[in-house]
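Okay, structure first, notes after.
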Amino acid sequence: MKKIFLAVLAGMALGVVAENVNFVADGNFAQGFQRWTANPRPAGEIVPNAGPDGQTCCKLGGPLDFTLYWYNMGRPGGTGIQLTEGKTYTLSAWIKTEGLNVEKLFNKAVLHVINYGWSSGVALPITGEDGSWRRYSVTFQAPKQQKEVPPDGAGYSLLIFFPAKVDGTVWLTDIQVEEGDKMTAFTPCKFDLTAKP
């Protein structure tokens with residue numbers, strides 16, 4: 001045990017301990033919806049100090065008269081997140097629901113990672129237990145691309161998907177996609193760390 005601890009300390013001193021990288025821009029909504037793009041139009045609200053640790057969160061409530069997509073802008077100049085096809089990642093988030101029938105959600109989820117062209121994707125299923133924050137996670141391999149991704153395009157999208165005519169409310173915060181098969185503590189995206197106020 002002592003040898004392991006010393007090896008970790010030595011690695012830290014040499015700067016070789018890997019830091020997790022979050023591919024989701026503003027996954028804790030600290031900048032509101034600035035790093036998210038809505039289709040066909042915005043819905044929901046930003047709620048300060050309402051997360052499980054007092055952080056900001058996004059609140060979506062239904063029923064909506066349209067299907068809502070919030071696309072994350074996790075790369076410079078546009079929507080999408082930069083993943084590598086076939087590589088292993090873990091998607092995680094803190095989520096709370098109230099009066100939400102998860103059976104009416106696509107794949108029992110509001111968070112999805114989709115490939116270019118929408119031929120394959122991964123969902124983060126939730127249980128719909130009312131009133132309590134819970135950190136959910138799913139490990140996946142970045143889905144195979146069926147269409148050629150344009151040079152200036154993103155291979156994958158991270159989106160919040162809330163169908164029309166579904167009752168209930170969902171809160172989300174600390175959304176993260178990171179390399180590997182383990183969920184780690186939330187880390188801001190590199191774009192959040194360099195963003196100007």
Side-chain angles (χ1 to χ4, degrees), residues 20-64 66-75 79-81 89-102 104-114 121-139 156-164 166-178 182-197:
N20 67 324
V21 173
N22 186 1
F23 293 91
V24 181
D26 200 28
N28 62 356
F29 302 94
Q31 299 173 52
F33 286 123
Q34 290 182 39
R35 301 292 296 169
W36 298 82
T37 298
N39 184 21
R41 61 183 185 271
E45 61 183 294
I46 300 299
V47 186
N49 309 315
D53 296 314
Q55 68 270 54
T56 300
C57 62
C58 165
K59 177 183 176 184
L60 300 171
L64 300 174
F66 61 97
T67 294
L68 172 68
Y69 301 85
W70 276 110
Y71 291 88
N72 187 254
M73 300 175 71
R75 65 188 186 97
T79 59
I81 56 176
Y89 298 91
T90 298
L91 166 62
S92 62
W94 280 100
I95 300 175
K96 179 174 81 166
T97 64
E98 186 175 290
L100 184 67
N101 181 355
V102 297
K104 293 189 176 181
L105 301 175
F106 181 69
N107 285 338
K108 299 181 183 179
V110 291
L111 282 174
H112 303 265
V113 175
I114 309 292
V122 176
L124 178 61
I126 58 176
T127 60
E129 297 168 14
D130 276 359
S132 297
W133 282 100
R134 180 175 167 192
R135 195 168 185 215
Y136 295 87
S137 71
V138 63
T139 296
Y156 299 90
S157 295
L158 180 283
L159 59 100
I160 300 169
F161 175 73
F162 200 88
V166 172
D167 291 311
T169 306
V170 61
W171 291 260
L172 306 99
T173 194
D174 289 2
I175 303 168
Q176 179 157 279
V177 174
E178 60 188 308
K182 303 271 190 304
M183 173 177 65
T184 67
F186 176 78
T187 302
C189 175
K190 62 183 177 181
F191 302 124
D192 302 334
L193 298 173
T194 58
K196 295 179 181 175

**Prompt:** Between the main-chain N or O of Thr184 and the side-chain N or O of Glu178, is there a donor-acceptor pair closer than 3.5 Å?
**Reply:** yes
**Fill in**
Distance col, row Ser137:OG vs Met183:CE, nearest 0.5 angstrom, shows 4.5 Å
**Message:** Using every non-hydrogen atom in the two residues, find where Cys57 and Leu172 come nearest and quote the distance to one decimal.
**Reply:** CB-O, 3.2 Å
**Message:** Tell me the closest heavy-atom pair linking Cys189 and Asp26, and the distance in Å.
**Reply:** CB-N, 4.5 Å
**Request:** Applying side chain to side chain contact (heavy atoms under 4.5 Å, CB included), run through Phe23 and Leu158 and close with a yes or a no.
**Result:** CA-CA 9 Å; Phe23 293 91; Leu158 180 283; over 6 Å; no
**Request:** Please determine, by modelled atom types, if Thr187 and Asn20 share a side-chain donor-acceptor pair under 3.5 angstrom.
**Result:** yes
**Prompt:** Given the rule in the side chain to side chain contact (heavy atoms under 4.5 Å, CB included) test, do Phe162 and Thr67 qualify, once you have shown the distances and angles that lead to the verdict?
**Reply:** CA-CA 6 Å; Phe162 200 88; Thr67 294; over 6 Å; no
**Prompt:** How long is the span from the CD1 atom in Ile81 to the OH atom in Tyr89, to the nearest 0.5 Å?
**Reply:** 8.5 Å
**Message:** Pair Trp70, Leu60 - check side chain to side chain contact (heavy atoms under 4.5 Å, CB included), show working.
**Reply:** CA-CA 11 Å; Trp70 276 110; Leu60 300 171; 4.0 Å; yes
**Prompt:** Would Trp36 and Phe29 count as a close aromatic pair, with their ring centres under 6.0 Å?
**Reply:** yes
**Asked** Under 3.5 Å, is there a donor-acceptor pair linking the side chains of Thr139 and Thr90?
**Response** yes
**Request:** Might you point out which heavy atoms bring Met73 and Thr37 nearest each other, and give the distance in Å?
**Result:** SD-OG1, 3.2 Å
**Contacts of type side chain to side chain contact (heavy atoms under 4.5 Å, CB included), residue Ile114, not counting sequence neighbours** = His112, Trp118, Leu159
**Identified side-chain contact (heavy atoms from CB on, under 4.5 Å) partner of Ile95 from the options Thr173, Thr127, Ile126** = Ile126
**Side-chain heavy-atom pair Val177, Asn72 within 4.5 angstrom cut-off** = no
**Prompt:** Hey, does Phe66 have a side-chain heavy atom less than 4.5 Å from the side chain of Pro163?
**Reply:** no
**Request:** Check step by step if side chain to side chain contact (heavy atoms under 4.5 Å, CB included) holds for Lys96 and Arg134.
**Result:** CA-CA 6 Å; Lys96 179 174 81 166; Arg134 180 175 167 192; over 6 Å; no
**Request:** Return yes if some donor-acceptor pair links the side-chain N/O of Trp171 with the main-chain N/O of Glu98 below 3.5 Å, else return no.
**Result:** no
**Fill in**
Between Ala123 and Val138 the two heavy atoms that sit nearest each other are O-CG1, 3.6 Å
**Item:** Where at least one partner belongs to residues 44-60, residue pairs that pass side chain to side chain donor-acceptor pair (under 3.5 Å), sequence neighbours excluded
**Value:** Gln55-Asp174
**Item:** From CZ (Arg35) to CZ (Arg75), nearest 0.5 Å
**Value:** 10.5 Å
**Fill in**
CD1 of Ile160 to SG of Cys58, rounded to nearest 0.5 Å, is 5.0 Å
**Prompt:** Considering only heavy atoms from C-beta outward, does the side chain of Leu111 approach that of Phe161 to under 4.5 Å?
**Reply:** no
**Request:** Would you kindly say whether Tyr69 and Ser157 are connected by a side-chain donor-acceptor distance under 3.5 Å?
**Result:** no
**Request:** Check side chain to side chain contact (heavy atoms under 4.5 Å, CB included) between Lys104 and all other residues, then give those that pass, not counting sequence neighbours.
**Result:** Asn101, Val166
**Main-chain N/O of Val24 paired with Asn22 side-chain donor or acceptor, under 3.5 Å** = yes
**Message:** Tell me the closest heavy-atom pair linking Ala25 and Gly74, and the distance in Å.
**Reply:** CB-CA, 3.8 Å
